[in-house]
Amino acid sequence: MVLQNKEFHNLQELRHSASLANKVFIQRDYTDGTVCKFQTKFPSELDSRIERTLFEDTVKTLNNYYAEAEKIGGQSYLEGCLACLTVYLIFLCIETRYEKVLKKISRYIQEQNEKVYAPRGLLITDPIERGMRVIEISVYEDRGSSGSSSGSSTTSSSGR
Amino acid sequence: MSAVMIIRKPTRKWEKLPGKNTFCCDGRVMMARQKGVFYLTLFLIVGTCSLFFAFECPYLAVHLSPAIPVFAVLLFIFVMAMLLRTSFSDPGVLPRALPEEANFIEMEIEAANGNVLAGQRPPPRIKNVQINNQIVKLKYCYTCKIFRPPRASHCSICDNCVDRFDHHCPWVGNCVGKRNYRYFYLFTLSLSLLTIYIFAFNIVHVVLREYRSKKMFHVVSLTPHCTVLEVLVCFFTIWSVVGLTGFHTYLISLNQTTNEDIKGSWSGKNRVQNPYSHKNIIKNCCEVLCSPTFPSVLDRRGVMLEDSSSPTHSDASAASTHKSSNPVSQTTKSSAPLIPNEHTPDEAKPGIGAGTQKSTSSPKGEKPPSPTSPNAVAPAVIKESTH
């Protein structure tokens, strides 16, 4: 069933005038071990909604962010040693590197949603809200368009 | 009718979390339900150290050096901090799949299984993943409705899947997993040092008193009875804690978890070699102890968005138990999906004879692996395509 793609100009419009049709879940890629990395395989459900390159770019950027957060190097040693010496009380005052990167990721996803995904009727949920297991992409359809099979009017999680 | 203004506290997410954890301090503290042994640990450490500070330290500070009690205090603070950090933090619990995600996975499984004839047992749910050129099997968790990530395991005591699950430790009253393993290790290491320290200085104290009094064999009348008590406690503690520290040092150098060691996941000729090990002791230690602190994905203190009509719990710091998981989807907690008489995906009946829930576990206990039955349908394996 090919449905018309309406242009959604922003997230607000998306939430008010569209209904949730489907959710696509991008799974984790474990080929490099337990580091957080998501599969860049393009899901078939998004075939008509978004260009493959845009999607792959998003996932690759997210993977890079997570790799940066989990990198074991000079900075993580320093942070670990300092924290150990202060009996981990230092984390009451400063943010860990991972938390800083998570904030960057959250901003990036917000930006991607506004610029790339919402105009195409899609919405990405931050993986941290799904236990870092999946990237959830909600597929919306215009309520007015015919042939929409989903009757669900609940929107996906509106974030923290 | 008079309208009564009810000021409701916002419902925090920890109150609705499934699993058998208890939460304190409005979600800041997270522990297992059975805390009795943890209180014993606290009592032993605090009690022994108090006796040491009260009776031995004044004598040793005067006759030997004031640095002795100072160092003991620092060590004691470190031990307590590590213990509390291990006990109170989220070990790396993986949240359960929301309904849409669970359905998505079910559909994937059914697509992979094809048509299962009525009356035939459905194949066990396994995903094969290639990690560093080794094939690792990911099992499906019927309770959490997810395929467990590599190295994750389901703790039957806490009823949660925990990432990089090591073991459930009753002495700290919590699971030991990815997020709190290094604190647990530092706790055992520092406790070993503290115990040896106290033991040694108790002996020194006794010897000094003997020497100064110039009388022999008057141990009982001269030294307080608490010294004897301390020596006894330390003696028995040393054997267990030092042994445990040694064991975990060995595991860290190989980048293995207690769970994997017990199950023999990476040992034996026919088994896969540990794909997570860097084959270098230093690198393994660095990864386990010096990797960045992983944040909790549970979001205990987030505010619930939907309007819950039930009044919020007026919890102060008492161990307020969370709302129990709804009984509708009560699946088998600790069954391994390799058991062929497992329930079908659509039903939520507990597996027959599969619930091996351990009530009082040994510190390293988790469920034992169940062997596959030879009568099972050949497992339909969802192969991950490598790229």
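Naming convention: chains lettered A, B, ... in sequence-line order (proteins, then strands); numbering from 1 in each chain.
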Participant: Heavy-atom pairs under 4.5 Å with chain B are the metric here; pick the option from A:C84, A:P127, A:C81, A:G73 that has the most.
Facilitator: A:C84
Participant: Can you tell me which portion of B:A152 sits under 4.5 Å from chain A's heavy atoms? Options are side chain, backbone, both or neither.
Facilitator: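 It is neither, since no heavy atom gets under 4.5 Å.
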Participant: Give the minimum heavy-atom separation between A:G131 and B:P95, together with the two atoms involved.
Facilitator: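 The pair with the smallest heavy-atom distance is CA-CG, 3.6 Å.
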Participant: Is it the case that atom CZ in B:F71 sees more than 12 heavy atoms from other parts of the structure closer than 6.0 Å?
Facilitator: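 Open.
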Participant: Go through it in stages, so that I can follow the logic: the residues are A:Y30 and B:K127, the test is side-chain contact (heavy atoms from CB on, under 4.5 Å), and I'd like the CA-CA distance, side-chain angles, deciding distance and then a yes or no.
Facilitator: CA-CA 11 Å; A:Y30 293 116; B:K127 229 189 220 184; over 6 Å; no
Participant: When you compare the side chain of A:V87 with that of B:M82, does any pair of heavy atoms fall below 4.5 Å?
Facilitator: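 In contact.
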Participant: Check this for me: B:K279, atom NZ, are more than 12 non-hydrogen atoms of other residues, nucleotides or ligands nearer than 6.0 Å?
Facilitator: yes
Participant: Give, for atom CD of B:Q130 and atom CG of A:D29, the distance between the pair rounded to the nearest 0.5 Å.
Facilitator: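 That separation rounds to 11.0 Å.
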Participant: Name the region of A:C36, side chain, backbone, both or neither, that has any atom closer than 4.5 Å to a heavy atom of chain B.
Facilitator: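 Neither part.
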Participant: Would a 4.5 Å heavy-atom cut-off, applied to side chains only, mark B:F104 and A:E136 as touching?
Facilitator: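 No - every pair of side-chain heavy atoms lies 4.5 Å or more apart.
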Participant: Sort out for me which of A:Y77, A:Y98, A:F25, A:F91 touches chain B most, counting heavy-atom pairs under 4.5 Å.
Facilitator: A:F25
Participant: Give, as side chain, backbone, both or neither, the part of B:L298 having an atom under 4.5 angstrom from any heavy atom of chain A.
Facilitator: neither
Participant: Mind checking the CD1-NE2 spacing from A:I72 to B:H278? Nearest 0.5 Å is all I need.
Facilitator: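 Result: 5.5 Å between the selected atoms.
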Participant: Output the distance between atom CZ (A:R130) and atom CG (B:L98), rounded to the nearest 0.5 Å.
Facilitator: 5.0 Å
Participant: With a sphere of 6.0 Å drawn around CD1 of B:I282, does it hold more than 12 non-hydrogen atoms of other residues, nucleotides or ligands?
Facilitator: no
Participant: Heavy-atom cut-off 4.5 Å, strictly under: side chain, backbone, both or neither for B:L289 against chain A?
Facilitator: neither
Participant: Non-hydrogen atoms of chain B under 4.5 Å away: do they reach the side chain of A:L102, the backbone, both or neither?
Facilitator: side chain
Participant: Among residues two or more places apart or on two chains, list those pairs meeting salt bridge (Lys or Arg N to Asp or Glu O under 4.0 Å) that have a residue in residues 74-96 of chain A.
Facilitator: A:E95-A:K103
Participant: Highest number of heavy-atom pairs under 4.5 Å with chain A: which of B:S291, B:P149, B:P292?
Facilitator: B:P292
Participant: To the nearest 0.5 Å, what is the distance between CD on B:E108 and CD on A:Q27?
Facilitator: 5.5 Å
Participant: What part of B:R164 gets closer than 4.5 Å to chain A, counting heavy atoms only: side chain, backbone, both or neither?
Facilitator: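 Contact with chain A: none, neither part.
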Participant: Short question: side chain of A:R133, backbone of B:L94 - any donor-acceptor pair under 3.5 Å?
Facilitator: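 Between the backbone of B:L94 and the side chain of A:R133 there is no qualifying donor-acceptor contact (under 3.5 Å).
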Participant: Using 0.5 Å steps for rounding, measure from the SG atom of B:C290 to the CG atom of A:L78.
Facilitator: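 Taking SG in B:C290 and CG in A:L78, the distance rounds to 11.0 Å.
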Participant: Of the backbone (N, CA, C, O) and the side chain (C-beta and beyond), which part of B:P275 lies under 4.5 Å from a heavy atom of chain A, both, or neither?
Facilitator: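 The answer is neither part of B:P275.
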Participant: For A:A83, is it the side chain, the backbone, both or neither that has a heavy atom under 4.5 Å from a heavy atom of chain B?
Facilitator: neither
Participant: Return the CG to CG distance between A:D32 and B:N132, rounded to the nearest 0.5 Å.
Facilitator: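 Rounded to the nearest 0.5 Å, the CG-CG separation comes to 7.0 Å.
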